[in-house]
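The structure appears right after this line, and notes come after that.
All of these numbers come straight from a predicted model, not from anything done at the bench. Every number for a ligand or one of its atoms is a count from 1 in the order of the listing.
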Amino acid sequence: MHNVTLNNGVQMPILGFGVYQIPAEETQAAAEAALATGYRHLDTAAAYGNEEAVGAAIKSSGIARGELFITTKLWIQHAPAGSVQDDTKRAFDGSLRRLGLDHVDLYLIHQPLGDYYSEWRAMQEINKEGLARAIGVSNFYPDRLVDLIDHNEIVPAVNQIETHPFFQRAADQALMRERGVQIESWGPLAEGRNNLFTDPVLSAIAEAHGKSVAQVVLRWLIQREVVVIPKSVRPERMAENLAVFDFTLTDEQMDRIAALDTGASVFFDHRDPAMVSRLGGRSA
Ligand code: NAD
């Protein structure tokens, strides 16, 4: 497996397995199948409600902890009567307990909403204690990311953001690179939106390599040095999504895919006030 090196020296596999929207009762089997297929990097979140199942799969796999890279995420801490920093530590302890682990490899702020500066200060301590080998953020647009960096001690190791052929984030990636933040794609296959799997440009490139559209898209992201965490509950697709290290897209093919960018989300805008209120009001 190819790794990227994060800004604190931690090695992160460039390809992992995401478990968003897998129902809790199906997640253990899916994560076990992913580990059996060869994935060593799993991406979950407190808000997905399936950390326990991911932990059970890790345990039953028998794979040495040092071979695995486990990411989970902090949901927005409301702390009505207390301190967001204390609540962040409690939330982190809850994630560790549900995962059955004594540390995670990457802990992310899930959304740039609420008092995430207090959350980040608690996470810096969690990082210094060695309980999260790296800490980062998710869904941060460049302005919020730069502000967080400029007013804190530890630079986020990762920003996990929607990134796929229809929303490519090239300028965001350039800014992150300048600031030492690794880009990680969520929704690398755009969850199939905009007819991604039958897109004529992607299909023609896939045919030229004897590969699937999913493989071409994942390969394109990896060649851009974007970390990817595709999700599937089907073992044959898990294997397909992992088999992307035996071919290379040409510059011309990379350019043809670059032309598919619409510059906008295919899901929702994190800067839409209605969405900010909706997400911000949710509990994990
Ligand atoms: P994705 O782009 O990985 O799409 C997953 C869907 O694509 C599957 O449900 C399946 O229908 C289809 N698919 C997968 N492999 C395929 C293949 N080889 N051929 C045909 N169809 C295939 O979408 P995602 O699950 O939203 O994103 C991946 C991961 O990113 C998530 O599981 C989660 O871990 C993370 N994520 C994070 C956030 C965030 O806010 N940080 C948001 C969404 C997702």
Give me the ring orientation class for Tyr20 and Tyr48: parallel if the planes are under 30° apart, tilted from 30 to 60°, perpendicular past 60°.
tilted

For atom 26 (O) of ligand 1, what's the nearest protein heavy atom and its distance?
Glu191 OE2, 2.4 Å

Lys/Arg cation over aromatic Phe167: Arg169, 6.0 Å, 45° cone
yes

Is Asn139 touching ligand 1 with its side chain, its backbone, both, or neither, if touching means heavy atoms under 4.0 Å apart?
side chain

Here the atoms of ligand 1 under 4.0 Å from any heavy atom belonging to Ala214 are 17 (C), 18 (N)

Determine, considering heavy atoms only, which of Arg237, Lys231, Glu162 sits nearest to atom 19 (N) of ligand 1.
Arg237

Identify the closest protein heavy atom to atom 22 (C) of ligand 1: which residue and atom is it, and at what distance?
Phe197 CZ, 3.5 Å

Quick note on ligand 1: atoms under 4.0 Å from a heavy atom of Glu240 include exactly 17 (C), 18 (N), 19 (N)

So the atoms of ligand 1 within less than 4.0 Å of a heavy atom of Gln160 turn out to be 35 (C), 36 (N), 37 (C), 38 (C), 39 (C), 41 (N)

Phe166 six-ring face occupied by Arg193 cation (under 6.0 Å, within 45°):
no

What residue and heavy atom of the protein are closest to atom 34 (O) of ligand 1, and at what distance?
Asp43 OD1, 2.7 Å

With heavy atoms under 4.0 Å as the rule, classify the contact between Val233 and ligand 1 as side chain, backbone, both or neither.
neither

Can Glu52 and Arg97 be counted as an ion pair, charged N to O under 4.0 angstrom?
no

Between Ala45 and ligand 1, which residue portion shows a heavy-atom distance shorter than 4.0 Å: side chain, backbone, both, or neither?
neither

Identify the closest protein heavy atom to atom 29 (C) of ligand 1: which residue and atom is it, and at what distance?
Ile229 O, 3.2 Å

Quick test of your reading of the model: are Lys73 and Glu51 salt-bridged, counting only N-O distances below 4.0 Å?
no

Any N or O of Ser185 that comes nearer than 3.5 Å to an N or O of ligand 1?
no

Numbering the atoms of ligand 1 from 1, which are under 4.0 Å from a heavy atom of Pro230?
3 (O)

So which heavy atom on Asn50 is nearest to which on Thr44, and how close?
OD1-OG1, 2.8 Å

Per side-chain contact (heavy atoms from CB on, under 4.5 Å), Leu106 is matched among Arg133, Gln182, Glu184 by Glu184

Evaluate ring-ring contact (aromatic ring centres under 6.0 Å, His included) for His270 paired with Phe268, printing each intermediate quantity in order.
CA-CA 6 Å; His270 277 85; Phe268 59 84; 4.7 Å; yes

Give the residue, atom name and distance (to 0.1 Å) of the protein heavy atom nearest atom 33 (C) of ligand 1.
Tyr20 CB, 3.3 Å

Which residue and heavy atom of the protein sit nearest atom 38 (C) of ligand 1, plus the separation:
Trp186 CG, 3.3 Å

Are Val84 and Ile154 linked, directly or through intermediate hydrophobic residues, by side-chain heavy-atom contacts shorter than 4.5 Å (ILVMFWY only)?
no

Between the side chains of Asp86 and Lys89, is the shortest nitrogen-to-carboxylate-oxygen separation below 4.0 Å, so that they form an ion pair?
no

For ligand 1, find out whether one of its N or O atoms is nearer than 3.5 Å to an N or O atom of Val19.
yes

Among all protein non-hydrogen atoms, which one is nearest to atom 2 (O) of ligand 1, and what is the separation to 0.1 Å?
Leu189 N, 2.8 Å

side-chain contact (heavy atoms from CB on, under 4.5 Å) with Val104: which of Leu68, Leu99, Ile126, Thr71?
Leu99

Run the numbers for me: atoms of ligand 1, each under 4.0 Å from some heavy atom of Ala190, listed by number.
2 (O)

Where do Gln11 and Thr5 land on the side chain to side chain donor-acceptor pair (under 3.5 Å) test, with the steps shown first?
CA-CA 5 Å; Gln11 298 278 308; Thr5 304; 2.8 Å; yes

Does ligand 1 have any atom sitting under 4.0 Å from a heavy atom of Tyr48?
yes

Provide, to 0.1 Å, the distance between atom 27 (O) of ligand 1 and the closest protein heavy atom, together with that atom's residue and name.
Gly187 N, 3.0 Å

